[in-house]
Amino acid sequence: MLLSTVLATLLASVPALVQAYPQPGACTGYCFTHDPALYRRPDGKYFRFSTLRGIEIVTANNIAGPWTKVGSVLPNGSIINMPGNKELWAPDVAYIQGQYYLFYSVSTSGSQTSAIGYATSPNMEPGSWTDQGSILTSAPGQTPYNAIDANLVPHANGRDFYLQWGSYWDQIYQAQLSINGPYVFASGNHNRIAHDPRRSSMEGPTIFYKKGYYWLFLSVGACCTYTPKPADEYHVNLCRSTSPSGPFVDKAGKSCQDGGGTNFIHTHDRVYAAGGQGVFTDPTLGDVFYYHYLDPDAVDYNSAKFGWNVINWSADWPTI
Ligand SMILES: *[C@@H]1O[C@H](CO)[C@@H](O)[C@H](O)[C@H]1NC(C)=O
Ligand SMILES: *[C@@H]1O[C@H](CO)[C@@H](O)[C@H](O)[C@H]1NC(C)=O
């Protein structure tokens, strides 16, 4: 090829490069995490919660670290009497009416016998958590979903609350919650809000309200087995709706009940299989998208690391 042809070919691929994802924000100290949940207390201390060991608690005075492992939410496991109740998965944390609520899952890998439970605390410190037990459960042949990966979103009216959860099986479901002090009850109406008929793997919903929309972030693709590397590894897609209960659509207007979903983060640079995400509002940084990702050369569970990026809301659809 003539040099000019080579240049023209290179330039034609530039739009793809322009859309490249930024590097994750810095992390020093203890950065291992799976399915992180992040919250900043009013005194400025950051709390990061992770899957396993009764939900690990890791704290820092700065989102970039240094992070220190300080204990577990439920070091002796959950009172929910089900296999997996010593490990606990996929925390989500919310601050409502003066206390912290931490949602967790009890399950074992590949099983639909699961429960979503929660614990409450006045300050998130180790030793301060009271296990409140189960909100909802799933079982083979009894529920279409798997009761894991819970996330709470308040309605913009400040009075109503919604819990979304799910993975594999019939994918993402939601119920309205009533919250009264330590008591949390889920409505008996469990509605599916996202589904992809082409793949079984969709989990870890997170809903965040901004600019008049409820933004539904979903971890899709193969989450956990990376040898050999799958064709469709973990990544995060985005849908939105003007109502917390949907209908959710992607940027092209495709229904997220029928495989819609606009990519938000995917494997790039040294970031492999990003997912298990959440969003929180930091008083100085703004809205922060956080996740775990793997080392592309050591694609195993133990290489999972905390990643975060500030969300850019200036266009119609957000980016990092
Ligand atoms: C966990 O179990 C140990 C041994 O039974 C007990 O000493 C400890 O107080 C328990 N911790 C919590 C937080 O319940
Ligand atoms: C935010 O996104 C817009 C495009 O939508 C871009 O022009 C702008 O530079 C971005 N801001 C930052 C801080 O990256």
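We count residues from 1, following the sequence as given. We count ligands from 1, going down the list as the structure has it; atoms in each ligand are counted the same way.
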Q: Report, in ascending order of atom number, the atoms of ligand 1 lying under 4.0 Å from any heavy atom of P75.
A: 13 (C)
**Q.** Sub-4.0 Å atoms of ligand 2 with respect to non-hydrogen atoms of A315
**A.** 5 (O)
Q.
How far is atom 3 (C) of ligand 2 from the closest protein heavy atom, and which atom is that?
A. S314 OG, 3.3 Å
Q) At what distance is the nearest protein heavy atom to atom 11 (N) of ligand 1, and which residue and atom is it? A) N76 ND2, 3.1 Å
Q. Taking it one step at a time, do Y145 and H190 satisfy ring pair (Phe, Tyr, Trp, His ring centres under 6.0 Å)?
A. CA-CA 10 Å; Y145 50 76; H190 300 168; 5.6 Å; yes
Q: Starting from atom 12 (C) of ligand 2, find the nearest protein heavy-atom neighbour and note its residue, name and distance.
A: N312 ND2, 3.4 Å
Q) Tell me, do F103 and Y118 make a side-chain contact under 4.5 Å, heavy atoms counted? A) yes
(Q) Please evaluate residues F264 and F217 with respect to the criterion ring pair (Phe, Tyr, Trp, His ring centres under 6.0 Å), reporting the C-alpha separation (whole Å), side-chain torsions for both, the decisive distance (0.1 Å), and the verdict. (A) CA-CA 8 Å; F264 190 75; F217 296 80; 5.1 Å; yes
Q. Does the pair S105 and S107 meet the rule for a side chain to side chain donor-acceptor pair (under 3.5 Å), with working shown?
A. CA-CA 6 Å; S105 315; S107 191; over 6 Å; no
Q.
I want to check something: taking the side chain as every heavy atom from C-beta on, are N146 and E203 in contact at a cut-off of under 4.5 Å?
A. no
Q.
Going by a strict under-4.0 Å cutoff (protein heavy atoms only), does atom 14 (O) of ligand 1 have a neighbour on the protein?
A. yes
(Q) Tell me whether the NZ or CZ atom of R41 lies within the 45° cone about the ring axis of Y46 and under 6.0 Å from its centre. (A) no
Q) Under 4.0 angstrom from atom 9 (O) of ligand 2, is there any protein heavy atom? A) no
